[in-house]
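In listed order, ligands and their atoms are each counted from 1.
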Amino acid sequence: MQFDIKKIVRPNIEILKAYSSAKDEYTGEANVLLDANENSLGSPTTKWYNRYPDPYQTKLKEKLAFIKKIEAAQVFLGNGSDECIDILFRTFCVPGKDNIIICPPTYPMYEVNASINNIDIQSAPLLPNYQLNVAHIEQLVNDNTKIIWICSPNNPTGNSLDRIDIETILNHFNGLVVVDEAYINFSKQKSFAQSLIDYPNLVVLQTLSKAWGLAGIRLGMAFASKEIVAYMNKVKAPYNINIVTQELALTALEEVGQVNDMIMHLVDMRIALAAVIESMPYVEKVYPSDTNFLLVKIPNARGLYQYLLTKGIVVRDRSSLENCADSLRITVGNEQENTQLVDAMAAWIDLSFPDGAV
Ligand SMILES: *Cc1c(COP(=O)(O)O)cnc(C)c1O
């Protein structure tokens with residue numbers, strides 16, 4: 001393995017002199033702050049937000065590093081993991097030249113961001129059992145392949161990907177391997193965040209949007225080597241995480257117990273919901289899930305999707321994704337929402353069948 005981050009980073013980012021914010025240029029205890037053109041009189045809010053936030057989110061990173069048992073310099077924070085994904089493209093992939101590998105059906109943002117950044121997309125679809133096709137991935141790799149995107153547990157299929165397969169890719173590929181663990185808190189699998197020491201080419205993505213119940217504050221995390229994080233810091237906007245988010249996240253991270261209770265409750269409800277849905281006569285399959293959602297295969301998925309809409313219930317039709325025909329992705333709701341969903345599904349009669357019922 002001859003991984004060399006200098007060969008992976010975009011040459012213009014390697015030589016980039018990053019923007020130096022007002023906050024970068026002094027260290028120590030200044031109390032007359034006339035350097036950033038802020039409004040020194042205050043804000044029209046009870047609590048003042050007239051000062052720019054800490055560009056490096058030092059306190060928040062220290063807390064996350066403590067929780068994840070890594071160093072603060074190995075943490076990058078984004079406005080959702082979606083920003084981390086975009087920054088990875090802009091730091092490591094040369095537009096019009098480099099390519100990435102995705103394994104569909106998977107989270108569509110890898111593809112969207114690749115297209116925005118004019119990066120060629122190579123596709124190694126998951127096998128019929130929704131596991132990685134390692135041989136296909138290895139065939140696709142060429143000198144311009146910068147990132148392999150792996151989502152585990154995978155969205156929308158719900159399953160965790162085989163750890164040995166991911167390790168094989170990490171060991172054989174000289175570019176970056178991003179493991180998106182947005183749903184790791186619902187899974188029995190071990191996070192790759194504790195394996196950074198073994199793999200200089202590993203980037204782990206996590207988020208406060210799912211298990212932590214904080215999708216509204218937008219906080220995503222990338223864990224990687226210090227060198228990778230330092231390059232990403234050069235590319236991000238100086239104040240990408242606002243003060244409100246930094247403060248709320250710091251408070252929320254104290255509540256690990258409460259979050260673990262919610263995770264256990266959601267997993268129990270997922271198991272119960274899967275059993276009920278699986279018992280419905282028209283349901284072909286409920287895929288095993290390591291997440292807070294279920295992928296359900298139904299002959300007329302579109303018909304059920306539209307019927308549920310008439311009952312005010314929105315699920316996600318994933319039928320258009322590769323290898324995902326006739327499948328709805330259903331998030332586990334609260335008790336009342338799950339009951340409404342089950343009642344509506346039980347009442348549905350599939351009119352696309354000749355005899356009007358199944
Ligand atoms: C929801 C989701 C994200 C997005 O997370 P944000 O932090 O809210 O941007 C990332 N990856 C996967 C696989 C997701 O399902």
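- Taking the six-membered ring for Trp and the full ring otherwise, Phe293 and Tyr183 have centroids separated by under 6.0 Å.
- Residue Met109 places no heavy atom under 4.0 Å from ligand 1.
- For atom 15 (O) of ligand 1, the nearest non-hydrogen atom of the protein is Tyr183 OH, 2.7 Å.
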Exercise for the section: Test side-chain contact (heavy atoms from CB on, under 4.5 Å) on Ile298 and Tyr282 and set out the steps. Expected result: CA-CA 7 Å; Ile298 303 141; Tyr282 60 81; 3.6 Å; yes
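- Where the criterion is an N or O separation shorter than 3.5 Å, residue side chain and backbone included, Tyr110 fails it with respect to ligand 1.
- Annotation: atom 11 (N) of ligand 1 to nearest protein heavy atom, Asp180 OD2, 2.6 Å.
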Handout entry: side-chain contact (heavy atoms from CB on, under 4.5 Å) evaluation trace for Val203 with Leu88
Key = CA-CA 9 Å; Val203 179; Leu88 283 162; 4.2 Å; yes
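- Closest protein heavy atom to atom 2 (C) of ligand 1: Lys210 NZ, 2.4 Å.
- Annotation: Tyr107 places no N or O atom under 3.5 Å from an N or O atom of ligand 1; distance criterion only.
- Counting heavy atoms closer than 4.0 Å to ligand 1, residue Ser81 contributes atoms from both its backbone and its side chain.
- In this structure, Cys151 counts as a contact residue of ligand 1, since one of its heavy atoms falls inside 4.0 Å of the ligand.
- Two rings, from Phe89 and Phe92, have their centers 6.0 Å or more apart.
- Using a 4.0 Å cut-off between a side-chain N of Lys or Arg and a carboxylate O of Asp or Glu, Glu247 and Lys47 qualify as a salt bridge.
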Scan the side chains in residues 268-280 for donor-acceptor partners under 3.5 Å anywhere in the protein, sequence neighbours excluded, and list what turns up.
unit_1	atom_1	unit_2	atom_2	d
Arg270	NE	Ser289	O	3.4
Arg270	NH1	Ser289	O	3.4
Arg270	NH1	Thr291	O	2.8
Arg270	NH2	Ser289	O	3.1
Ser279	OG	Val276	O	2.7

